[in-house]
Amino acid sequence: MKEQLEAIRKNALDAIQAAKDNAGLDALRVKYLGRKGELTGVLKKMGGLSADMRPVMGQMANEVRSALEQAVEKQAEILAEKAMEARLALETVDITMPGKKSAIGHRHPMYTALDEFKEIFINMGFEVMDGPEIEESAYNFDKLNTPDDHPAREWSDTFYLNQDSKILLRTQTSPMQIRAMETYGVPIRMISPGRVYRKDEVDATHSPMFHQIEGLVVDKGVTMADLKGTLNAVIREIYGADTKTRFRPHHFPFTEPSCEVDVQCARCGGKGCPTCKGEGWMEVLGAGMVHPKVLAGCGVDPDVYSGFAFGFGLERMAMARFKINDMRLIFENDVRFLEQF
Ligand code: PHE
C-alpha cells in the first residue's frame, strides 16, 4: 500500500504540474482526489490492514492528499497568472503613441465667398431668398420676356425634365425675380443664391452645374444710377476699394437697358495678362433695369415702379477672391485643396 500511495503522489504531482489549462487541472483533481478517485480507492482498502499499520498508512494517505490539494491550488494560481500575462500582452497600449485625429473636413471657399457676399447685401437692407432648382419654363423663360426662338430654350442647351418642355433645371437664378415679386410684391430688395444648370462641357471655366446670385431691387424712382452705385459699392467691397469697373451695353430679354460689368484685372492693371486672358478686364456679372413687361407680368405698374436686377457668377467670384485658376478644383472637393482657404 505504501508503494501504491508513493506512485499516486508521484504520478499525480507530475500530471498536475504539467496541466495546461483549468479544464485539464479539474479533470486531474477528479481523477486523483475525487470520490471515485485513485486516492479514495486506496483508502477503501485500509480496512484490510493490521491495527498498527492502519494509522501509519492513514497519516501517509492524508499527507498525499494535502500535497495533491496544494499542488492543484498552486497550479491553478500559475494558470491564472499565465492567462493574465497573455491578456496583458494582447491588450498592450502604447500610451506614448500620438493619437489618431478624426478628419473633420473644411469649409468650402465658395461658401466663404458667398457668406461675405450675403453679409454685404444684408448690411444694405436686402433679404436673402431661396428658390427651386427644378423650375417651370414659364418662370425660367416666359415670364422673363424670353422670345420663343431664344437659343437658351433649345434642348441642346437646357436640361428639360419632361417631353413638352414645361419643366426644367433652371438655367439661371432670374426666375427668382418673378417668384419674389409674385410672392412679396413691391417694393422689394432681395438676393437669391443657388445652383443653375446648362448643357456645357466641363473645362477650366465651365461646368454643367454652377452657382449664381440673383439680385432685385424694385421701388418708386429707382434708376440706372442706383444700379451703378449699388454694384460699384459691392464690387469694391469684394475686390478692393480702388477696383476699376466698366459697364458695357449688353442684351438680356428681361432687362432694358442691359449691361455686363467688368472688373479691371488686378494682376496686370488692365494691360492684359494670362489671368484676364489678355483682355485687361474680367466680366463679373450681368445686370439691367427690369423690363416694363416683366414688372407688368407680375402685377406691378411700370409707370409707378422701376427697378434693377443683376446676376453674379459665384464660382467666378470665389476664383477671383482666392486666386483659383481652374473651376474644376472648386467641384472636386479634394480636402487637401479646400484646406488651403
Ligand atoms: N440671368 C442672366 C444670366 O444668366 C444674368 C442677369 C441677371 C442679367 C439679372 C440681368 C439681370 O446671364
Side-chain angles (χ1 to χ4, degrees), residues 114 117 121 126-133 135-147 150-154 157-159 168-182 186 188-200 205-219 222-232 234-235 245-263 282-295 297-298 300 302 305-317 327:
L114 177 57
F117 189 89
F121 277 95
F126 282 63
E127 275 185 73
V128 182
M129 292 179 188
D130 215 5
E133 290 169 33
E135 186 54 283
E136 296 173 38
S137 48
Y139 283 85
N140 196 83
F141 293 128
D142 306 346
K143 289 167 186 262
L144 285 165
N145 193 37
T146 313
H150 194 280
R153 288 185 185 261
E154 295 289 328
D157 283 36
T158 295
F159 293 100
L168 45 73
L169 295 180
R170 66 179 176 186
T171 63
Q172 50 185 356
T173 44
S174 298
M176 279 307 289
Q177 293 179 31
I178 310 297
R179 290 192 177 277
M181 280 192 279
E182 282 185 356
V186 292
I188 191 164
R189 247 185 284 180
M190 72 90 181
I191 57 166
S192 184
R195 295 189 185 94
V196 300
Y197 301 83
R198 292 180 193 177
K199 285 191 179 168
D200 284 332
T205 51
H206 291 87
S207 158
M209 186 280 295
F210 58 102
H211 296 71
Q212 287 187 334
I213 309 162
E214 195 73 13
L216 175 71
V217 173
V218 179
D219 207 339
V222 176
T223 69
M224 190 84 183
D226 297 306
L227 179 155
K228 285 190 76 172
T230 306
L231 294 176
N232 271 332
V234 171
I235 287 168
T245 56
R246 178 171 82 176
F247 290 69
R248 265 185 299 110
H250 198 74
H251 170 79
F252 297 106
F254 39 89
T255 47
E256 182 59 36
S258 304
C259 60
E260 277 189 331
V261 185
D262 300 334
V263 164
M282 289 183 292
E283 183 204 320
V284 292
L285 73 135
M289 300 306 291
V290 181
H291 199 292
K293 278 192 188 163
V294 171
L295 291 173
C298 295
V300 177
Y305 286 96
S306 57
F308 64 89
F310 52 87
F312 278 85
L314 180 52
E315 283 80 4
R316 197 179 294 171
M317 209 158 65
M327 190 142 95

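Indexing begins at 1, ligand by ligand and atom by atom, following the structure's order. Note that the structure is predicted; figures quoted are calculated from it, not measured.
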* **Salt bridge flag under 4.0 Å for residues Glu154 and Lys199** => no
* Asked: Partners of Asp157 by side chain to side chain donor-acceptor pair (under 3.5 Å), sequence neighbours excluded?
  -> none
* Expected output: side-chain Arg198 to main-chain Ala152 donor-acceptor under 3.5 Å -> no
* Do any heavy atoms of Met289 fall under 4.0 Å from ligand 1? -> no
* Asked: Quick one: which ligand 1 atoms are inside 4.0 Å of a heavy atom on Gly286?
  -> 6 (C), 8 (C), 10 (C)
* Asked: Can you say whether the rings of Phe310 and Phe312 are parallel (under 30°), tilted (30 to 60°) or perpendicular (over 60°)?
  -> perpendicular
* Considering distance alone, does some N or O of Arg198 sit under 3.5 Å from an N or O of ligand 1? -> yes
* Considering only heavy atoms of Gly311, which atoms of ligand 1 have at least one such atom less than 4.0 Å away? -> 6 (C), 7 (C), 9 (C)
* To do: Among all protein heavy atoms, pick out the one at the shortest distance from atom 9 (C) of ligand 1; state its residue, atom name and that distance to 0.1 Å.
  => Glu214 OE2, 3.3 Å
* Hey, are Ser174 and Glu214 close enough side-chain-wise for a donor-acceptor pair under 3.5 Å? -> yes
* To do: Keeping the roles fixed (side chain from Arg153, backbone from Thr158), state whether a donor-acceptor pair exists under 3.5 Å.
  => no
* Those atoms of ligand 1 less than 4.0 Å from some heavy atom in Ser174 -> 1 (N), 7 (C)
* To do: Mark yes or no: Arg179 above the aromatic ring of Tyr139, with NZ or CZ under 6.0 Å from the six-membered ring centre and no more than 45 degrees from the axis.
  => yes
* Under the 3.5 angstrom rule, does the side chain of Ser306 hit a backbone N or O of Val222 as a donor-acceptor pair? -> yes
* Determine whether the side chain, the backbone, both or neither of Phe310 has a heavy atom under 4.0 Å from any heavy atom of ligand 1. => backbone
* Give the residue and atom name of whichever protein heavy atom lies nearest to atom 12 (O) of ligand 1, and the separation in Å to one decimal. => Phe252 CE2, 3.7 Å
* Asked: Touching ligand 1 at all, Phe308? Heavy atoms, strictly under 4.0 Å?
  -> no
* Structure fact -> atom 3 (C) of ligand 1: closest protein heavy atom, distance to 0.1 Å, is Gln212 NE2, 3.8 Å
* If you measure from each non-hydrogen atom of Ser258 to ligand 1, which part falls under 4.0 Å: side chain, backbone, both or neither? -> neither
* Distance to 0.1 Å, residue and atom name: give those for the protein heavy atom nearest to atom 2 (C) of ligand 1. => Gln172 OE1, 3.8 Å
* **Structural part of Met176 in contact with ligand 1, heavy atom criterion under 4.0 angstrom** => neither
* Is there a nitrogen or oxygen of Gln177 sitting under 3.5 Å from a nitrogen or oxygen of ligand 1? -> no
* Asked: Taking NZ, NE, NH1 and NH2 as the nitrogens, is one of them in Glu182 or Lys143 under 4.0 Å from a carboxylate oxygen of the other?
  -> yes
